[in-house]
Amino acid sequence: MSKLDRLDIKQLRVFQALIREENASKAASELGLTQQAVSEHLKKLRDVFDDRLFIRKTNGFVPTPFAEDLSAKVDRLLIDFNTLISQTNFIPHKTRGTFVISATDYAQQVILPNLIAKLRKQAPNLKLIVRDFEIDKLHDLMESGKVNLAIAFPDYIPESYRIVKLFEEHHVCVTSSHSSISNKTPSLAEVAAFPTIIASPSRPNFKGSIDDWFSQFGLKRNVVISAPCFSIVPMYLETTDSIAFLPSRAIKGLDVVTIPLEQSPDSFDVIAAWHSRYNDDPLHKWVISLLEVD
């Protein structure tokens, strides 16, 4: 019997679950199998590929270099198999598997709650993994198939990926309701001089996304705190007499005060992006369609 004859799709799905989870118990839970069944499939895979594939560590597995290279190839095969059987008859509530979304902190706040509600209602058997957006790792993650969809800003996405614009957003200047700044109508120069908190989720530093806009007026902002995500900034505003520029949709329901400006920063797009391998995938197309509704 050839190696190909000893390989089946279920073994490949087990392999990809182990790549994602790096843990036999979690992979078994994701696939609805017993841990023993996962171990048996892994044993067959090791025999077929003549490689250990995964090496045990304290709390799970670490893929071998061969397994990491194999993962992208297996992912493409599974996508092709899925397209073959479902391209003309995709039924959301019958779809199974795992869909991985890489999203910025902003997208996790503003976009994903509504998307996840729709997916849970219309495709209850589909499992979701939401992972933090990692700008330096995004290309490798999408190229290897470990991320199905990224939701972020255009500057964060490599030009080679397909994108769809979700909506247009803009920054607003805010402070806490009890700040000494809250009742002022400052000039743009005064705004630049106020102690400022920025969110720098991609790379920790004191450079904000609208620094270039301020520089057009010959101004440099007084950035005193750099936070790793948008969601924490309002909490820091509560304990400091400072301001922040936050996306307008991210401040809904928060106890912050908007500071009127003489001029406003340029608006920007919020987008979804994906690798071209998913262009014809029915599940991917359907998820994108749910995003475009909003």
Side-chain angles (χ1 to χ4, degrees), residues 101-113 130-138 150-158 165-273:
I101 301 174
S102 174
T104 61
D105 172 58
Y106 169 83
Q108 291 182 44
Q109 285 181 260
V110 174
I111 300 170
L112 290 193
V130 178
R131 57 185 300 160
D132 286 333
F133 191 88
E134 300 173 273
I135 191 169
D136 294 323
K137 296 181 180 179
L138 182 66
I151 305 177
F153 311 117
D155 290 346
Y156 291 3
I157 304 295
K165 177 181 173 179
L166 302 180
F167 52 81
E168 204 169 81
E169 176 63 290
H170 65 279
H171 284 103
V172 291
C173 183
V174 297
T175 188
S176 68
S177 57
H178 53 73
S179 166
S180 66
I181 306 167
S182 61
N183 295 319
K184 296 182 178 180
T185 306
S187 67
L188 205 55
E190 289 173 322
V191 171
F194 288 147
T196 301
I197 303 174
I198 66 166
S200 184
S202 53
R203 297 183 181 94
N205 55 42
F206 290 102
K207 182 173 175 58
S209 58
I210 58 172
D211 284 342
D212 290 342
W213 180 77
F214 270 95
S215 67
Q216 295 176 13
F217 304 97
L219 300 172
K220 184 177 180 180
R221 293 196 293 168
N222 178 24
V223 178
V224 296
I225 299 172
S226 177
C229 56
F230 288 109
S231 57
I232 200 68
V233 172
M235 299 181 193
Y236 294 166
L237 289 175
E238 276 293 309
T239 57
T240 59
D241 203 24
S242 56
I243 64 169
F245 280 79
L246 296 176
S248 65
R249 298 192 185 201
I251 64 170
K252 291 182 178 179
L254 299 180
D255 184 22
V256 294
V257 175
T258 300
I259 299 173
L261 300 178
E262 300 170 339
Q263 299 186 61
S264 298
D266 298 332
S267 60
F268 57 94
D269 294 339
V270 179
I271 64 171

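Just so you know, these numbers come straight off a predicted model, no measurement behind them.
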Does any non-hydrogen side-chain atom of [Y] lie less than 4.5 Å from one of [X]?
| X | Y | value |
| --- | --- | --- |
| Phe230 | Gln109 | yes |
| Val270 | Lys165 | no |
| Glu262 | Ser187 | yes |
| Ser226 | Ser200 | yes |
| Ile225 | Ile198 | no |
| Leu138 | Pro158 | yes |
| Leu261 | Gln263 | no |
| Phe245 | Arg221 | yes |

Interatomic distance, [X] atom [atom1] to [Y] atom [atom2] [nearest 0.5 angstrom]:
| X | Y | atom1 | atom2 | answer |
| --- | --- | --- | --- | --- |
| Ser102 | Ile151 | OG | CD1 | 9.0 Å |
| Met235 | Ile197 | CE | CD1 | 12.0 Å |
| Asp269 | Ile157 | CG | CD1 | 12.5 Å |
| Ser179 | Phe194 | OG | CZ | 8.0 Å |
| Glu134 | Thr104 | CD | OG1 | 13.0 Å |
| Ser176 | Ile181 | OG | CD1 | 8.0 Å |

Could you go through the side chain to side chain contact (heavy atoms under 4.5 Å, CB included) check for Phe133 and Asp105 one step at a time?
CA-CA 8 Å; Phe133 191 88; Asp105 172 58; over 6 Å; no
Checking Asp241 side chain against Ser180 main chain: does a donor-acceptor pair fall under 3.5 Å?
yes
Using a 3.5 Å distance criterion without hydrogens, assess whether the side chain of Ser182 forms a donor-acceptor pair with backbone atoms of His178.
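Between the backbone of His178 and the side chain of Ser182 there is no qualifying donor-acceptor contact (under 3.5 Å).
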How far apart are the closest heavy atoms of [X] and [Y], and which atoms are they?
| X | Y | result |
| --- | --- | --- |
| Pro113 | Ala107 | CD-O, 4.5 Å |
| His171 | Ile210 | ND1-CG2, 3.6 Å |
| Ala193 | Asn222 | O-ND2, 3.2 Å |
| Ser242 | Thr175 | O-OG1, 2.7 Å |
| Val257 | Ser177 | CG2-CA, 3.5 Å |
| Ile271 | Pro154 | CD1-CA, 3.6 Å |

Are Glu169 and Ser248 linked by a side-chain donor-acceptor pair shorter than 3.5 Å?
yes
Between Val174 and Ile259, is a side chain to side chain contact (heavy atoms under 4.5 Å, CB included) present by the stated rule, with each step listed?
CA-CA 6 Å; Val174 297; Ile259 299 173; over 6 Å; no
Is it the case that Arg249 places NZ or CZ above or below the six-membered ring of Tyr106, under 6.0 angstrom from the centre and within 45 degrees of the axis?
no
